[in-house]
Asker: 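Here's a structure for you.
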Amino acid sequence: MSTIFIRTLILYILIAVALRAMGKRQMGELSPSEFVITLLFSELASLPMQDTETPLLYGVIPVLTLLALEILISSLFLKNRRARKLINGKTSVLIENGKINQEEMRRLRLTLDELIEELRLKNFINISSVKYAILESNGELSVFPFGQEQSATRADVGKNNDNVLLPYTVVSDGIFIQQEAEKLGLSEKQINKELKKRGVSSIQDVFLLQIDERQNIFLVPKEKRK
Amino acid sequence: MKGTIIAVIIMLCIITLCVSVAIYTTNFCDELQRSLEICILAIEENNNDRAYNELKKTESNFDKKSNILKIFIPHRELDEIEISLSKALALIRTENMELCIPEFSNIQTLLEKISDADNLTINNIM
């Protein structure tokens with residue numbers, strides 16, 4: 001009996017440390033790979049916790065292996081956008097400028113009822129009031145209404161505009177994303193020209209560059225490593 | 001970067017541990033198999049004293065090493081070997097040689113099972 005108690009303590013501490021080592025994101029939103037790892041953790045730990053004939057290491061080794069894999073994979077995701085997309089999937093725009101993207105819904109095997117239900121959960125009774133609905137890679141639906149449907153803030157006093165514009169990430173961590181630029185009708189050359197105007201010598205020096213449909217630019221240059 | 005290095009170190013430690021355990025287990029099983037063969041030979045030569053002494057030595061050696069091995073591999077087979085060894089020892093002492101040989105064969109099968117269970121083969125992986 002006391003063996004099981006000590007084993008449980010050890011495994012609890014190990015899993016708590018492992019989850020903490022995976023980073024703060026683990027506690028809130030789970031990406032598909034993180035979700036799989038969290039599910040596996042509970043299964044792996046429960047077996048050696050109860051069966052005293054199984055060495056404790058049979059629970060410890062898989063947990064440590066998963067922890068190391070998760071850290072290695074997240075490092076790979078940080079460097080490689082393609083790998084990130086492959087494992088975590090990409091965001092899907094379900095409603096774009098008020099128009100339902102039926103092709104994308106078919107691809108995701110998402111029914112209209114499910115979409116309407118999700119919108120209702122986000123307090124949108126009328127689908128026509130939604131300008132953008134984006135299904136994030138973690139399965140969460142982000143909804144942006146048309147300007148006139150948004151609650152007013154102090155900054156909106158005296159304004160009457162439809163100011164919801166979807167920003168496209170054209171450069172992410174020094175990598176030019178062709179597909180996003182094409183949606184805006186911009187080429188790499190034009191982006192480089194725009195960057196030079198803003199004092200950034202090349203795309204590699206950009207941490208984040210977002211451009212919306214009205215060509216408003218949000219630029220974050222890369223910080224020098226200390 | 002620090003995280004990646006730690007992750008690589010963890011991976012290397014796990015791989016090293018797995019290889020070391022596999023080598024230790026194989027050596028342990030081989031050593032025990034050899035001792036049992038000596039015992040069987042002694043019994044066949046009707047040298048009961050030699051068989052008894054050899055088995056006594058084997059048992060104490062097994063007790064020492066199995067304590068370490070129990071940390072790394074499931075206990076079940078090791079516990080069964082422990083029981084069979086004491087049985088075999090009692091049988092030699094009481095000169096029940098015809099019952100002793102099946103006990104040895106049982107131990108040998110269990111040792112093969114332990115050794116095979118830790119081998120990196122497609123069968124074991126699947």
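Order of the sequence lines sets the chain letters (A, B, ...), proteins ahead of strands, with each chain counted from 1. The figures that follow rest on heavy atoms only: side chains count, while hydrogens, waters and symmetry mates do not.
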Asker: Out of A:A68, A:P55, A:S75, which one racks up the most heavy-atom pairs below 4.5 Å with chain B?
Answerer: A:P55
Asker: Does a sphere of radius 6.0 Å around NZ in A:K122 hold more than 12 heavy atoms from other residues, nucleotides or ligands, not counting ones at 6.0 Å or beyond?
Answerer: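 More than 12 within 6.0 Å, yes.
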Asker: Please determine whether the number of non-hydrogen atoms from other residues, nucleotides or ligands lying under 6.0 Å from atom NZ of B:K87 exceeds 12.
Answerer: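 Open.
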Asker: Taking all non-hydrogen atoms of both residues, which atom of A:Y58 and which atom of B:F72 are closest, and how far apart?
Answerer: CE1-O, 3.0 Å
Asker: Counting only heavy atoms from other residues, nucleotides and ligands, does the tally under 6.0 Å from NZ of A:K193 exceed 12?
Answerer: no
Asker: For side chain to side chain contact (heavy atoms under 4.5 Å, CB included), just list the numbers for A:L57 and B:V21, CA-CA rounded to whole Å, side-chain angles, deciding distance to a tenth of an Å, and then say yes or no.
Answerer: CA-CA 12 Å; A:L57 275 178; B:V21 169; over 6 Å; no
Asker: Within the supplied structure, the quantity of interest is the number of heavy atoms (other residues, nucleotides, ligands) at a distance under 6.0 Å from B:K57 NZ; does it exceed 12?
Answerer: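 Open: at most 12 neighbouring heavy atoms sit under 6.0 Å from NZ of B:K57.
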Asker: Taking side chain as everything from C-beta outward and backbone as N, CA, C, O, which of these in A:L76 sits under 4.5 Å from a heavy atom of chain B? Side chain, backbone, both or neither.
Answerer: neither
Asker: If I measure from the heavy atoms of chain A, does B:I71 come under 4.5 Å with its side chain, its backbone, both, or neither?
Answerer: both
Asker: Measuring from atom SG of B:C13 to atom CG of A:L64, what distance do you get when rounded to the nearest 0.5 angstrom?
Answerer: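 Nearest 0.5 Å value for the SG-CG distance: 9.5 Å.
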Asker: Measure the spacing between CD1 of B:I6 and CD1 of A:I71 and express it to the nearest 0.5 Å.
Answerer: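 Answer rounded to 0.5 Å: 7.0 Å.
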Asker: Evaluate whether atom CZ of A:R107 has more than 12 neighbouring non-hydrogen atoms of other residues, nucleotides or ligands under 6.0 angstrom away.
Answerer: yes
Asker: Measure the CD1-CD1 distance between A:I61 and B:I10 for me, rounded to the nearest 0.5 Å.
Answerer: 12.0 Å
